Undergrad: 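Quick one: structure below, then a few questions.
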There are 2 protein chains.
Amino acid sequence: MRIGELSERTGASRRLLRYYEEQGLIVSSRCANGYRSYDEATVDRVAQVRGLLDAGLPTRIIRQILPCLDKPRAIHFPDATPEMLATLEEERDRMTARIRCLTRNRDAISEYLEAVRAGARADAASAPGGGGG
Amino acid sequence: MRIGELSERTGASRRLLRYYEEQGLIVSSRCANGYRSYDEATVDRVAQVRGLLDAGLPTRIIRQILPCLDKPRAIHFPDATPEMLATLEEERDRMTARIRCLTRNRDAISEYLEAVRAGARADAASAPGGGGG
DNA sequence: TCGGACCCTCACATCGGTGTGAGGGTCAAC
DNA sequence: GTTGACCCTCACACCGATGTGAGGGTCCGA
């Protein structure tokens, strides 16, 4: 597919898709006329990239971790230098920290929302038609 | 405590602490001489803010969700307009999505690391002193 | 052969989080 | 009364993710 369709299917602007490619996050082949051509899997790839970007990872890191998510069954060990592995472990730990932080705060929001709803119900029951102070 | 100590204890630069204050994420009182003065709880608050920032939330959103995390037991219902609640629900869902994305990818990284380690062990066992292809 | 929808490559603009420095005050210690 | 560590308020600089627009090609259908 060409960039327009990919853009529509992923919600990412064309500009952004070119940027991702420039950053090495997605790849494209070129048609004879120079147009970019993407295969089906790129749709998922873009979603993944955008998810990670939205979760606070910079493109530099995403570029590093993507290759090892791609081919979960066909891992190329020569790719994995010791520094690379160290980076991955570090990044995994950072992600775990992020997950914990997000989870804690999300749960607090949920609690708050429930409390507000419970309070609103109590309010309605104890003073129907009136306001609580 | 003054800004220098807070900076040291949180790892956030003074500049950043002033920025957070400007963004309404932390508060300070002022000494007679104009110096900012923070109470103990601000240390945790800064950590929370930085965690959320690192997880991809913009200050605008953090400012909105912080008040409802602060006082989990002393909720002020008048604060909560319906739009506010809607925003919170939205944000909670976005956080859930982030958590899922991070978890999925982190687990994939973990799997990769384990596979590499297993491969390395197998390599070492089958061809000690040699290289695997 | 034209128009319009699509694509290309620059390249500059914007926005948010952060660094850095100028110019200047406060205060404790010598 | 000077020095040095701390604080203040600007204000500009930077970087990364993204928008926008200029200038120009390709291709399809009227």
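Every value quoted in this text rests on a predicted model; they were computed, and no experiment measured them. Within every chain, numbering begins at 1; the chains are lettered A, B, ... in the order of the sequence lines, protein sequences first and strands thereafter.
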Undergrad: Do any side-chain atoms of residues 57-65 of chain A form donor-acceptor pairs under 3.5 angstrom with protein atoms, and if so which ones, sequence neighbours left out?
TA:
{"residue": "A:Thr59", "atom": "OG1", "partner": "A:Gln23", "partner atom": "OE1", "Å": "3.3"}
{"residue": "A:Arg63", "atom": "NH1", "partner": "A:Gln23", "partner atom": "O", "Å": "2.5"}

Undergrad: Measure the CG-CZ distance between B:Leu66 and B:Arg45 for me, rounded to the nearest 0.5 Å.
TA: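 The distance works out to 4.5 Å.
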
Undergrad: Among B:Glu21, B:Arg2, B:Arg18, whose side-chain hydrogen bond (donor to acceptor under 3.5 Å, both in side chains) with B:Ser28 holds?
TA: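 Running side-chain hydrogen bond (donor to acceptor under 3.5 Å, both in side chains) over B:Glu21, B:Arg2, B:Arg18 with B:Ser28 returns exactly one hit, B:Glu21.
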
Undergrad: Between B:Glu22 and B:Arg36, is there a side-chain N and carboxylate O pair less than 4.0 Å apart?
TA: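 B:Arg36 and B:Glu22: not salt-bridged.
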
Undergrad: Grab the CD1-C1' distance between A:Ile62 and D:dG16 for me, whole Å please.
TA: 11 Å

Undergrad: Kindly state which residues belonging to residues 29-57 of chain A come within less than 4.0 angstrom of DNA chain D, counting heavy atoms of the residue only, listed by number.
TA: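 Output list: A:Asn33, A:Tyr35, A:Leu53.
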
Undergrad: Please check if the side chain of A:Thr10 supplies one atom and the backbone of A:Leu6 the other of a donor-acceptor pair under 3.5 Å.
TA: yes

Undergrad: Please list, in numerical order, the residues of residues 4-14 of chain A that have a heavy atom closer than 4.0 Å to any atom of DNA chain C.
TA: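 Correct list: A:Gly4, A:Arg14.
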
Undergrad: For the CG atom of A:Leu25 and the CG atom of A:Leu52, what is their distance to the nearest 0.5 Å?
TA: 9.5 Å

Undergrad: Say you draw a straight line from CZ of B:Arg14 to CG of B:Leu16; how long is it, rounded to the nearest 0.5 Å?
TA: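 Interatomic distance, B:Arg14 CZ to B:Leu16 CG, rounded to 0.5 Å: 12.5 Å.
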
Undergrad: Among residues 16-24 of chain B, which residues get a heavy atom nearer than 4.0 Å to DNA chain D?
TA: B:Arg18

Undergrad: Donor-acceptor pair, distance only, cut-off 3.5 Å: does the side chain of B:Ser7 make one with the backbone of B:Ile3?
TA: no

Undergrad: Which ones in residues 88-95 of chain A lie close to DNA chain D, meaning a heavy atom under 4.0 Å from one of its atoms?
TA: none

Undergrad: In whole Å, what is the span from the CZ atom of B:Arg63 to the P atom of C:dG16?
TA: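 Rounded to the whole Å, the gap is 10 Å.
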
Undergrad: CG of B:Leu113 to CE of A:Met84: how many Å apart, nearest 0.5 Å?
TA: 9.0 Å

Undergrad: Between A:Asp39 and A:Thr42, is the side chain to side chain donor-acceptor pair (under 3.5 Å) condition met? List the steps.
TA: CA-CA 6 Å; A:Asp39 60 24; A:Thr42 311; 3.0 Å; yes

Undergrad: Does A:Thr59 place a side-chain N or O at less than 4.0 Å from the phosphate oxygens OP1/OP2 of D:dG16?
TA: no

Undergrad: A:Asp54: which residues meet the side-chain hydrogen bond (donor to acceptor under 3.5 Å, both in side chains) condition with it, sequence neighbours left out?
TA: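 Testing A:Asp54 for side-chain hydrogen bond (donor to acceptor under 3.5 Å, both in side chains), a comparison that skips the adjacent residues, returns B:Arg94, B:Arg98.
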
Undergrad: How long is the line joining CZ of A:Arg60 and C1' of D:dA17, in whole Å?
TA: 14 Å

Undergrad: Please check if the side chain of A:Ser37 supplies one atom and the backbone of A:Arg30 the other of a donor-acceptor pair under 3.5 Å.
TA: no

Undergrad: Crowded around B:Glu8 CD? As in, over 12 foreign heavy atoms under 6.0 Å?
TA: no

Undergrad: Expressed in angstrom and rounded to an integer, what is the separation of A:Arg15 atom CZ from D:dG16 atom P?
TA: 13 Å

